[in-house]
Amino acid sequence: MPLALLALAVGAFGIGTTEFVMMGLLPDVADDLHVSIPTAGHLVSAYALGVVIGAPLLAAVTARMSRRKVLIGLMLLFIAGNTLSAFAPDYDWLLAARFLSGLPHGAFFGVGAVVATGLAAPERKARAVSLMFLGLTIANIAGVPVATLMGQHLGWRSTFLGVSVIGVLAVVSLALLVPRDGAHSSSAGLRGEMAALRSLPVWLALGTTVAGFGALFAAYSYITPMLTDAAGYADSSVTLLLALFGVGATAGNLLGGRLADRSMRGTLFGGLVSLAVVLALFPVLMGTAWSAPLAVVLLGTAAFVTSSPLLLMVMEKASSAPSLASSANQAAFNLANAGGAWIGGLALAAGFGVTSPAVVGAGLAVLGLGVAGVAYAVDRRRAVPGRERVVASHVPERSESVHH
């Protein structure tokens, strides 16, 4: 695999760290800026809103530009957002800075996925994407815990300065390792890019992402009370247990990339079935202290097995606009984050028990499996022999991504 994937992984590591670290810093931020914790929680929503808006918009308006320059520009925007967060004088400024930090998130992964698949051999494209996402999953193992501890001991502002430093390292890595490419003059432009998202298969693929990862976040959003109230762990143990989720996500991401190169559709179906089974077993697994950590690992593994095949499927269905399609998939991922947490919260509010969000998540995984099945049926009606096997080779302008 080319070293350029390392540069993409460094950027993904920084993005993953800044996305998830705010959850652990909410009490510190709320106390320092004199707002309530629920109000401080809007900082998480502001970042997610930035991702949803910025992902398709930035990918579309930069479609004609050099992808190497776009990646570097997106990381510079990422650095600006996190630096402004570190020096925000009040809550409103921090809210705006978090929104700015989220804008480049989806577009970076979208454009990065196109670059990654263009750098890899045809039989290794899913693995190339999984290696880029490796930075995101490792962020949950190392980046988020370290950044949270830094914020708790040195002040929350130091966390965002540290993330900005990671962004600088990513810019340097991208400049040194990603091959130069020219402007993509053959692009259909903004209108053509947007038109590529009008087809039913694209929306079915995005719908699978929303339902599948909504299943994950329905449970993961409430994993802390499950570990403390159901499994009996102390609050001080939760950070270490959540790192196990990152271990499982990393393993699932790498496994999914390898399997998707053999069968994209089979890996997707298998991952969704596994996710539904794991979530359905959560009430049992969370009942004892020894099985709860296993449940956390299995949740991360089952969920992230689907990440590479889902992304490649979306890129295939919108082959004339792969950057926009893969960026839209990141927006769908964040919609799943918000929607899954909301649906899981409804189960808790209704009094169905602390593990009930996981059961709801199992239902969402089954829904995702159903949407994927409909997508498969639609594909069979439009079938072109050999299409499934050459999924990533449908990404246009491959040669422009690899030549200096």
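Quick caveat: nothing in here was measured; it's all calculated off a predicted structure.
In terms of modelled atom types and a separation under 3.5 Å, the side chain of Ser173 and the main chain of Ala7 share no donor-acceptor contact. Put simply, the side chain of Thr137 gets close to the backbone of Leu134: a donor and an acceptor are under 3.5 Å apart. Distance alone, capped at 3.5 Å, is enough to place a donor-acceptor pair between the Ser356 side chain and the Gly353 backbone. Of the possible polar contacts, none joining the Tyr222 side chain to the Thr355 backbone as a donor-acceptor pair under 3.5 Å is found. Side chain of Ser308 to backbone of Val129: no donor-acceptor contact under 3.5 angstrom is found. One N or O on the side chain of Thr62 and one on the backbone of Leu58 form a donor-acceptor pair closer than 3.5 Å. In terms of modelled atom types and a separation under 3.5 Å, the side chain of Tyr47 and the main chain of Thr18 share no donor-acceptor contact. In this structure, Tyr233 contributes its side chain and Ala289 its backbone to a donor-acceptor pair below 3.5 Å. Looking at Asn82, its side chain never comes within 3.5 Å of a backbone N or O of Leu161 through a donor-acceptor pair. A donor-acceptor pair under 3.5 Å links the side-chain atoms of Arg68 to the main chain of Ala175, judged by distance alone.
In this structure the side chain of Pro309 never reaches within 4.5 angstrom of the side chain of Arg265, judged on heavy atoms. Two residues are said to be in side-chain contact when any heavy atoms from C-beta on lie closer than 4.5 Å; Ser274 and Val305 fail this criterion. Considering only heavy atoms from C-beta on, Val210 stays 4.5 Å or farther from Leu364 through its side chain. For the pair Phe245 and Tyr220, the minimum side-chain heavy-atom distance is below 4.5 Å. Looking at heavy atoms from C-beta onward, Val70 lies out of side-chain contact with Phe108 at the 4.5 angstrom threshold. Between Leu255 and Phe304, the closest side-chain pair of non-hydrogen atoms is not below 4.5 Å. For the pair His42 and Tyr91, the minimum side-chain heavy-atom distance is below 4.5 Å. Under the 4.5 Å side-chain criterion, counting only non-hydrogen atoms from C-beta, Pro283 is in contact with Val359.
To the nearest 0.5 Å, atom CG of residue Leu94 and atom CZ of residue Phe87 are 13.0 Å apart. Between Leu242 atom CG and Thr224 atom OG1 the span is 5.0 Å, to the nearest 0.5 Å. Once rounded to the nearest 0.5 Å, the distance linking CG of Asn253 with CE of Met132 reads 9.0 Å. In this structure, NE2 on His105 lies 13.0 Å from CG on Leu77, to the nearest 0.5 angstrom. Here Leu76 contributes atom CG and Leu174 contributes atom CG; the two are 9.5 Å apart, rounded to the nearest 0.5 Å. Here Leu285 contributes atom CG and Trp290 contributes atom CH2; the two are 7.5 Å apart, rounded to the nearest 0.5 Å.
Nearest heavy atom pair, residue Asp379 against residue Pro201, reads OD1-CB, 4.5 Å. Scanning all heavy atoms of the two residues, the minimum distance from Leu131 to Ala9 falls at O-CB, 3.7 Å. Considering all non-hydrogen atoms of both residues, Leu119 and Pro179 come closest at CD2-CG, 3.9 Å. Listed here is the closest heavy atom pair of Gly81 and Leu100: CA-CD2, 3.9 Å. Contact between Leu241 and Val296 at its shortest, heavy atoms only, is O-CG1, 3.5 Å. Summarising the geometry of Ala218 relative to Pro357, their closest heavy-atom pair is O-CB, 3.1 Å, with the distance given to 0.1 Å.
Judged as a salt bridge (Lys or Arg N to Asp or Glu O under 4.0 Å), and not counting sequence neighbours, the contacts of Arg157 are Asp32.
With respect to Phe333, the ring-ring contact (aromatic ring centres under 6.0 Å, His included) criterion is satisfied by exactly one of Phe133, Phe109, Phe217: Phe217.
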Between Leu8 and Leu177, is the side chain to side chain contact (heavy atoms under 4.5 Å, CB included) condition met? List the steps. CA-CA 9 Å; Leu8 296 174; Leu177 299 178; over 6 Å; no
Worked check of side chain to side chain contact (heavy atoms under 4.5 Å, CB included) between Val172 and Leu169: CA-CA 5 Å; Val172 173; Leu169 293 175; 5.8 Å; no
From CA spacing to verdict: side chain to side chain contact (heavy atoms under 4.5 Å, CB included), Leu206, Leu335: CA-CA 10 Å; Leu206 293 174; Leu335 287 174; over 6 Å; no
Which is it for Ser85 and Trp93 under the side chain to side chain contact (heavy atoms under 4.5 Å, CB included) test, yes or no, and what are the steps along the way? CA-CA 8 Å; Ser85 296; Trp93 277 95; over 6 Å; no
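No hydrogens or angles considered: a donor-acceptor pair under 3.5 Å links the side chains of Thr83 and Ser164.
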